[in-house]
Visitor: 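Dumping the structure here so I can ask a few things about it.
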Amino acid sequence: MINVPEIFAKNVFNEEKMRERLPEEAYAAFRATIENGRPLDIEVANIVADAMKDWAIEQGCTHYTHWFQPMTGITAEKHDSFLSPTGNGRVIMEFSGKELIKGEPDASSFPNGGIRATFEARGYTTWDPTSYAFVKDNTLCIPTAFMSYTGDVLDKKTPLLRSMDRINHEAVRMLRLFGKTDVTRVKVTVGPEQEYFLIDKELYDRRKDLKYTGRTLFGARSPKGQQLDDHYFGAIKKRVKDFMSELDEELWKLGVYAKTEHNEVAPAQHELAPIFTDVNIAADHNQITMELMKRLAMKHGMVCLLHEKPFKGVNGSGKHNNWSLSTNTGENLFKPGKHPEDNLQFLLFLTAVIKAVDDHQDLLRLSVATAGNDHRMGGDEAPPFIISMFLGDDLEAVVEAIINREDYESQGKVLMETGAESLPVIRKDTTDRNRTSPFAFTGNKFEFRSLGSALNISCPNIMLNTIVADTLAGFSDELEQAENFDAACRRLIRKNLKKHRRIIFNGDGYTDEWIKEAESRGLLNLKGTPEALARYNDKKNIELFERNHIFSKREVEARQEILLENYIKIINLEALTMLDMAKKDILPSVSAFTGKTCATIERKRAVSPDIKVDAELKLVTKLSDLLTEFSERIDALEEQVDAAEQYADDIRMLAQYSCDHIFAAMEALRETGDKMEMCTASKYWPYPSYGELLFSVQ
Ligand code: ADP
Ligand code: MG
């Protein structure tokens, strides 16, 4: 049995350890930095670094690394040892404040969207004291921000920290107007629910598509899929259970609040939900969680797939981003209370989110746009491309009543009748679930459900924080002038709810009627990643980011370019992998099987010309037709890949071309390939089937 409280945060240099190990003054100076954002002076940094190093060495560390989140989507680290020569041929272990605060990786080797030329390669990592250092693989990992020599942002953490500052400032300012002068800080809390697949490593190794691209590029449906709904919350298999137990333990040691682990709807799909925490820490923890999932799965002879859609026709994996605001006095700003209709402060903050989401649908949509997520969205329980908000019946009625100037008394929580005396009486949530909504109010927080499973959660949270901060700023500008605050506040709420009610939708987001309805409401429907990303540098957005000091115009454009480039590379890699599989494995295998069947026909005929060979003939004819089509589609895809070169100088055109033409040719090739798989003998088919991949882990 593990003692959870004892091991929790064992591998983290947290508050408790700092208090224990730092002299009182140094600790106080460090706290002041965190709480008031004051820069740390070098003497204090030296003391913190030394204590950190001693602790790390006790944990078996020989190295340290500045751990950061460049635009690659994964984390980066460059390891240095604590070693320092003493001049007499011996060494001591040293770590200075300067080394803690600043690192200098080569900026040009990371995606920079043209901001950094190779000849001016210097980049800096700077310590983020708000996220604790931790030990991983005998290395002290120090969470850091990453920027170029010229001060341009090259990572995901810096803008996230900036956006947290912005929303803190604007929420505190607004709360002043409500008389909450004791509130000095408002923080963003986030709990990201992480979905993933686990498959057998041995089978994975036999699939080039999974190895190179993380998803299956061919694969016919297996007879059994998720139709029986027997996997969701089902009993967890032994191998998976062992993996989850070890994952929990390792995460706990790293101070991650791993809380809920269960099976998901699709076979082989699972979910891990942590308890919510500050968004910056939640983002770091989610990166650590994804990394550990991959590593520990290997140890258990499995592979963890974080791709948004590893299997066609089977639910994809998302990452629900639960987002809320809370004050240093312990108040959740999105808690409606018993009677939200009378809770002016709640209604004001709710209205700010409604307006922000409506005004900036494009930013929310593009913050989750990736090649992988394009396959997931719009079906199988994933939200559609159109951004809308779900409030639940009760709150929607409140909003309608305000707009229509009607009286409304909310029901509050209703007791739930279980019908059995021995069961405890429970309170029903005022909102039911709506699985197709991209952005749902769920009781005291908002759940942004459009994120794909592989995404770094920073980007969507940067957007959320920024758009809500900006909206609150506009509201405060207006309300600060008001003579009668209450009346002005009610007017402002009503005016904005009326104007932005079009974003609220409680129905089924998959239907064609909704697509039409959304269009008539003027909502955006940005389908592919290139189309969504094209909006990033719209004038409105650049102004928003500059006004809120999140990104400069140059940084927005760099980001847009990095993301488009990434998209293009993924489509290209997938196309090349498909061609390789099609030409080297699938076509020869199906041809061999066809030949074998022809030989059978000949042998049967040799026995007696009267023996029936109709079945074999039918099969050979069908496979030969499919093979012809397959070969033509290989040529077509190859042509599209070659033709893309003409847009090599225009990244937007190339991205759109990849989406419209290369991707379409891939889909066509897959269609024929999957048909052939359905009528080729298993032992001739070169890859493990969907059935094997999805049901092999016991
Ligand atoms: P469901 O699966 O129904 O969406 P879960 O209870 O599994 O819900 O997950 C909800 C997530 O929301 C958890 O990560 C939880 O910690 C998080 N959460 C709860 N309250 C807040 C809050 N105030 N702010 C941010 N996240 C929250
Ligand atoms: Mg959820």
Side-chain angles (χ1 to χ4, degrees), residues 160 163-164 167-168 171 183 185-196 231-234 236 244 247-248 251-252 255-266 269-290 293 315-337 340 345-346 349-350 353 381-383 389-392 395 413 416 426-451 453 455 457-458 460-465 468:
L160 180 63
S163 72
M164 287 158 61
I167 199 160
N168 168 43
V183 173
R185 202 164 183 85
V186 169
K187 59 185 186 176
V188 180
T189 52
V190 163
E193 303 164 56
Q194 177 73 48
E195 291 182 335
Y196 60 99
H231 191 257
Y232 191 50
F233 281 28
I236 300 175
M244 285 181 175
L247 177 64
D248 278 340
L251 287 172
W252 290 333
V256 178
Y257 303 105
K259 169 88 172 163
T260 320
E261 302 249 20
H262 63 78
N263 284 357
E264 262 300 329
V265 176
Q269 195 187 28
H270 311 280
E271 180 185 293
L272 181 146
I275 297 173
F276 67 95
T277 180
D278 294 13
V279 58
N280 174 32
I281 313 234
D284 284 358
H285 281 179
N286 184 248
Q287 291 300 121
I288 296 174
T289 303
M290 291 194 286
M293 279 176 168
N315 278 9
S317 299
K319 178 147 49 194
H320 293 174
N321 189 81
N322 295 276
W323 179 96
S324 190
L325 295 175
S326 73
T327 67
N328 61 315
T329 52
E331 182 182 356
N332 178 343
L333 297 179
F334 293 109
K335 196 170 168 189
Q345 183 192 303
F346 165 76
F349 277 89
L350 175 73
V353 177
E381 294 192 4
M389 273 177 91
F390 171 81
L391 295 183
L395 212 49
K413 283 203 170 185
M416 184 138 120
I426 52 174
R427 283 176 187 282
K428 232 160 79 167
D429 285 314
T430 49
T431 54
D432 195 6
R433 287 162 189 261
N434 176 332
R435 285 180 177 270
T436 65
S437 177
F439 202 92
F441 180 72
T442 47
N444 60 1
K445 61 186 189 304
F446 294 92
E447 186 169 348
F448 186 21
R449 305 211 182 98
S450 307
L451 288 73
S453 47
L455 197 72
I457 63 167
S458 301
N461 285 298
I462 293 166
M463 301 303 180
L464 272 173
N465 299 347
V468 175

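Numbering of ligands and ligand atoms starts at 1, following listing order.
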Visitor: Between atom CG of N328 and atom CZ of R185, what is the distance when rounded to the nearest 0.5 Å?
Guide: 8.5 Å

Visitor: Are any of the N/O atoms in E271 less than 3.5 Å from those in ligand 1?
Guide: no

Visitor: Please tell me if the side chains of Y196 and T289 come closer than 4.5 Å, counting only heavy atoms from C-beta onward.
Guide: no

Visitor: Quick check on contacts: which atoms of ligand 1 are under 4.0 angstrom from a heavy atom of P274?
Guide: 13 (C), 14 (O), 16 (O)

Visitor: Geometry only, no angles: is E193 polar-contacting ligand 1 at N/O separations under 3.5 Å?
Guide: yes

Visitor: Is there at least one pair of N or O atoms, one from N322 and one from ligand 1, spaced under 3.5 Å apart?
Guide: yes

Visitor: Between N332 and N444, what is the shortest heavy-atom contact and its length?
Guide: ND2-O, 3.0 Å

Visitor: May I ask you to check if ligand 1 and P192 share an N or O to N or O distance below 3.5 Å?
Guide: no

Visitor: With heavy atoms of N332 as the reference, note each atom of ligand 1 found under 4.0 Å away.
Guide: 23 (N)

Visitor: Just do the side-chain contact (heavy atoms from CB on, under 4.5 Å) check on F446 and V468 with the steps written out, would you?
Guide: CA-CA 12 Å; F446 294 92; V468 175; over 6 Å; no

Visitor: Counting from 1, what ligand 1 atoms have a heavy atom of E447 closer than 4.0 Å?
Guide: 4 (O)

Visitor: Please name the pair of heavy atoms, one in S453 and one in K319, separated by the smallest distance, quoted to 0.1 Å.
Guide: O-NZ, 3.0 Å

Visitor: Before signing off on this row, confirm whether I275 and ligand 1 have an N or O atom pair separated by under 3.5 Å.
Guide: no

Visitor: Within the 4.5 Å heavy-atom criterion, are F441 and V353 side-chain neighbours or not?
Guide: no

